[in-house]
Amino acid sequence: MDGRDLVRSVSVMGSGWAARGLRTVRAAWGGRRADAALPAPRGPERARVPGQVQGAEPGPGGGLIRFGRSELRIVVAVNGAVFWGWDGAGPQPSYALAGSGPDPDPRAVLEPDKDGGWRVVAERMTVVVSRYGAVEVCTPGGVSLRRELPPRWWEPAGGGAARWVQRSEVAADARFFGLGGRACGPRLRDGVYRLGNAAPGRASGPGDERLDLTMPVQLVVADAGTHLVFHDTTWDGTVVLREGEEGAGSGHDRAGHCELRMDGGPLRCWVVVGTPARVLHAWAALTGAPALPPAWALGHQYARSGPGGEQEVRRVVAGYQERGLPLDAVHLDVGRDGGRVSAVDEERFPKLSVLAEELRRDGIRLVSVVGAAVRAEPGEVVHGGGSAVDAFVRDAGCRTVRAGGTDAWWGGLHAERLGQGFAGFWQVGHEPVPCGARYASDGRGGDQGEAHHVYGLCTARAGYEALRELSPRERPFQFSRWGWAGSQRYGGTWSGDVATGWPGLRAALSQVLGLGLCGVPYSGPDLGGRDGGPSPELYLRWLQLGAYLPLFRTHTHPRAGRGDPWEFGADVLEYARVALLERRRLLPYFLTLAHLARRTGAPYVRPLWWAAPEDRALRDCEDAFLLGDGLLVAPVLDAGAGRRAVRLPRGRWYDTVTEEVHEGPAQVRVDAPLSRIPVFARAGAVLPVRGADGGLELEVWAPAPGRTGGGLVVPDAGDGWDDPEIERYVVRRQGDRVVVTRDREGGGGEPLRPVRVRGLG
């Protein structure tokens, strides 16, 4: 296969920074042309609905219900999730599910319902199917959470993938969240939302539909309960949401509405019901446990795009070290070709392995940028290797690629980078978008419409599995700007090009919250934005927010002009030092949250309603978040703000700096000087932190009189695959004393760590 056989969007031409900018423009126009061509014009179609029920066959976990023009399979899994698929669709094959999926629940029973319908009764929900194909999910007490109206298909007269629409109703008080990382979120108000990963060609703010990582996953929160719904199809589509409205006085409620339109693929979905914690736990069981990052990846990371080589890296690292600022990783654009998989630019990095070893001795790792593209030159080494295994996506004029070999070839390319001293990988770029592209699709064969959204997920999978094999004693570290449902199995995600400005700062928080609610707990933005130099105040507020997000990464861009803390003046430098040192102090807490995310699916960063979804005021709060169970963070998102209002959930909360006490639920106004953002600790919380000697200690916040508290600690050596035992602590208030004991089987015991009690003053 020569260069003409490669898809245009995965070809890379030219070199140098100026050429890269020209390629960006060309790619943007190429993407517009490709989007205009997708999907291809459809010929005559015929509409179809399920028809009337004809009968049913019980089976494990549920059964099969036959209609006049379709059939519906319902299966309740042992973890409480329910699956249904139309037209014979089953849970597999699926890119989202981990392994073969959960086993059916033998206790779930399919039985006749009134008016000729059927129902499946399970422990956590009842699924009612009407005689015309409406599917309703109810609580065990019979309260409706979601009602799916009978679906409708439009099938090409000559055969092929059918497009379909599914309309749903939810409670009048319900609020929508999810659909991936949305700049306009985390709460999704009335509007049209595209389900299609695509680069907008510019930095994004709250008003933009930046589509780096979308997925058809909704989390719906209502008084009656919380549920997650996932439509498992990788085709492009749109979601139209309209929130309901409760009637005043004796007026009628107006239900909330959702309309999902997909360009193809099976109509199948999963629904999970329960508390937010239970829902995310079941979701992680379905789609896989989140990857566990090494400890250094939870510290401060620095990235710089554009020109610059070894001397620039040494200058930046020396700047941090001379000023006593923590730095744990440096991200490098090392290739000759914009970070794509190509040889290292030896003029810029003549002694890369020596640099990597020197930095590692100082506790700093190197991360390599990688894009899923290669140079379209037959003589180029990587291109030749890909041609040998027939790895490249073909266009519509070529035969379909053969299955097998591509993952191993792509993953094996990481070996060279590891040998040069790199410890992690940052995947950039977007999915290819040429009309009619053909894919191997793990041996099944497929086209652009079906494979586009899982291209990034499969790239991450190949890299992660290769890193596990190449460095079996170290936890792989990689993150990407693209992916799909299940991406958390292979690493985290980066929010892409968020706009520099106050709207971009707010959008970054929305994206992290939204991704966490879709099962991707490790994510973060480029602090400071990407399309211009932030003001000193904006830079500092970005940094203060980032210190409490999972991926804590500052990013300097040549267009920004400046991006290091000391370049913004003495005051900003000192305030930045406070934020960076606080992140270093909280590293054991972040490690504990990472282990809990892997075991339970709970995100590090959570909305305020996480533990109280019935609190409607908290559902509408989008400018603050919980970090685990113990901390509430209220970032400053507006220019010139020296004070701000903070909505507190129920309980007692301490200002972590002044130790002032606030009682919730309430809205309070607190100081937010330029030196810090408001952060509150929950009374009774036990937080593992780094002590003055570098060891792990317990920071305990005093419970209210007559109350108790507690917390979990996961001691982690920083890397490797050992599964440390969770330490559980109980806190009791006895007069003016706070007693901390270790809760373990067989009785309590003395804490294993030094204890520092706060909140008694």
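As the structure is a prediction and not an experimental result, all values here were calculated from the model.
Here the CG atom belonging to L213 is positioned 5.0 Å from the OG atom belonging to S487, to the nearest 0.5 angstrom. Considering OG of S523 and CZ of F479, their distance stands at 11.0 Å, rounded to 0.5 Å. Of the inter-residue distances, the one linking L527 atom CG with L551 atom CG reads 8.0 Å to the nearest 0.5 angstrom. With values rounded to the nearest 0.5 angstrom, L540 atom CG is found 11.5 Å from E574 atom CD. To the nearest 0.5 angstrom, E358 atom CD is 5.5 Å from R361 atom CZ. Interatomic distance, CG of D716 versus OG1 of T592, reported as 8.5 Å (0.5 Å rounding).
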**OP:** In sequence, state the C-alpha distance, the side-chain angles, and the governing distance for V679 and L627, and then conclude on side chain to side chain contact (heavy atoms under 4.5 Å, CB included).
**Re:** CA-CA 10 Å; V679 179; L627 182 61; over 6 Å; no
**OP:** Could you please spell out the steps behind the salt bridge (Lys or Arg N to Asp or Glu O under 4.0 Å) verdict for E725 and R742?
**Re:** CA-CA 13 Å; E725 180 183 357; R742 186 183 178 197; 3.6 Å; yes
Original post:
ring-ring contact (aromatic ring centres under 6.0 Å, His included) between H555 and W494: does it pass, once the steps are laid out?
Top reply: CA-CA 12 Å; H555 194 144; W494 149 66; 7.1 Å; no
Original post:
Would R187 and D620 count as a salt bridge (Lys or Arg N to Asp or Glu O under 4.0 Å) if you check the C-alpha gap in whole Å, the side-chain angles of each, and the deciding distance to 0.1 Å?
Top reply: CA-CA 7 Å; R187 175 182 160 193; D620 297 336; 2.6 Å; yes
Subject >> Trace of the side chain to side chain contact (heavy atoms under 4.5 Å, CB included) decision for V605 with L513 >> reply: CA-CA 6 Å; V605 170; L513 281 165; 3.5 Å; yes
**OP:** Starting from the C-alpha separation in whole Å, work towards a yes-or-no answer on side chain to side chain contact (heavy atoms under 4.5 Å, CB included) for F552 and L543.
**Re:** CA-CA 9 Å; F552 180 34; L543 193 70; 3.9 Å; yes
**OP:** Check the pair F477 / Y522 against side chain to side chain contact (heavy atoms under 4.5 Å, CB included), numbers first and verdict last.
**Re:** CA-CA 11 Å; F477 175 64; Y522 184 87; 3.5 Å; yes
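Evaluation of the salt bridge (charged side-chain N to carboxylate O under 4.0 Å, His left out) test over residues 645-654, restricted to residues two or more places apart or in two chains, returns R652-E663. The stretch residues 671-701 participates, sequence neighbours left out, in these ring pair (Phe, Tyr, Trp, His ring centres under 6.0 Å) pairs: Y654-W701, H662-F680.
Proximity of L292 to H595: side-chain heavy atoms (C-beta onward) are separated by under 4.5 Å at one or more points. Side-chain contact between V689 and L586 is present, with at least one heavy-atom pair separated by less than 4.5 Å. The closest side-chain heavy-atom distance from Y729 to V755 is not below 4.5 Å. Counting heavy atoms from C-beta on, the side chains of L325 and L327 never come closer than 4.5 Å. Looking only at side-chain heavy atoms (C-beta outward), L517 and W610 come within less than 4.5 Å of each other.
The backbone N or O of V731 sits nowhere less than 3.5 Å from a side-chain atom of T708 that would complete a donor-acceptor pair. Between the Y589 side chain and the G630 main chain, a donor and an acceptor come within less than 3.5 Å of each other. Judged by distance alone, with hydrogens and angles left aside, the side-chain atoms of D722 form no donor-acceptor pair with the main-chain N or O of P724 at under 3.5 Å. With hydrogens and angles disregarded, a donor-acceptor distance shorter than 3.5 Å links the side chain of R682 to the backbone of D629. Listed for the Q488 side chain is a donor-acceptor partner under 3.5 Å among the backbone atoms of G288. In this structure a side-chain-to-backbone donor-acceptor pair under 3.5 Å is present from R606 to P603. The backbone N or O of G463 sits nowhere less than 3.5 Å from a side-chain atom of H414 that would complete a donor-acceptor pair. Of the possible donor and acceptor atoms, one in the side chain of R733 sits under 3.5 Å from a partner among the backbone N and O of G735. One N or O on the side chain of Q544 and one on the backbone of L674 form a donor-acceptor pair closer than 3.5 Å. Side-chain atoms of W721 come within 3.5 Å of backbone atoms of P472 as a donor-acceptor pair (strictly under, hydrogens ignored).
In the model, R314 has no side-chain atom that pairs as donor or acceptor with a side-chain atom of Q311 under 3.5 Å. Of the N and O atoms on the side chains of W502 and D638, not one donor lies less than 3.5 Å from an acceptor on the other residue.
Here D719 does not pair with R473 in a salt bridge; the nearest charged N to carboxylate O distance is not below 4.0 Å. Ion pairing between R360 and E357 fails under the 4.0 Å rule for side-chain N and carboxylate O. Using a cut-off of 4.0 Å between Lys/Arg side-chain N and Asp/Glu carboxylate O, R323 and D564 are scored as not salt-bridged. At a threshold of 4.0 Å, the pair R481-D526 does not count as salt-bridged, since none of the basic side-chain nitrogens sits closer than that to a carboxylate oxygen. Ion pairing between R583 and D328 fails under the 4.0 Å rule for side-chain N and carboxylate O.
Each of R690, R753, R756 was evaluated against E697; a single residue qualifies, R756, per the salt bridge (charged side-chain N to carboxylate O under 4.0 Å, His left out) test. None of R553, R365, H331 except one satisfies the side chain to side chain donor-acceptor pair (under 3.5 Å) rule with Q301; the exception is H331.
Residue-environment remark: CZ (R643) exceeds the threshold of 12 foreign heavy atoms within 6.0 Å. Other residues, nucleotides and ligands place more than 12 heavy atoms under 6.0 Å from the CG atom of D362. Heavy atoms of other residues, nucleotides or ligands lying less than 6.0 angstrom from CG of D693 number more than 12.
The minimum heavy-atom distance linking F625 with L509 is given by the pair CD2-CD1, 3.5 Å. The shortest non-hydrogen separation linking L366 to G421 is CB-O, 4.5 Å. Scanning all heavy atoms of the two residues, the minimum distance from A641 to V636 falls at CB-CG1, 3.9 Å. Taking every heavy atom of both residues into account, T656 and R758 meet most closely at O-NH2, 2.7 Å. Taking every heavy atom of both residues into account, P476 and P294 meet most closely at O-CD, 4.1 Å. Nearest heavy-atom pair, R644 versus A624, reported as atom, atom and distance to 0.1 Å: NH2-CB, 4.4 Å.
For Y320 and W566, the ring centers are positioned less than 6.0 Å apart.
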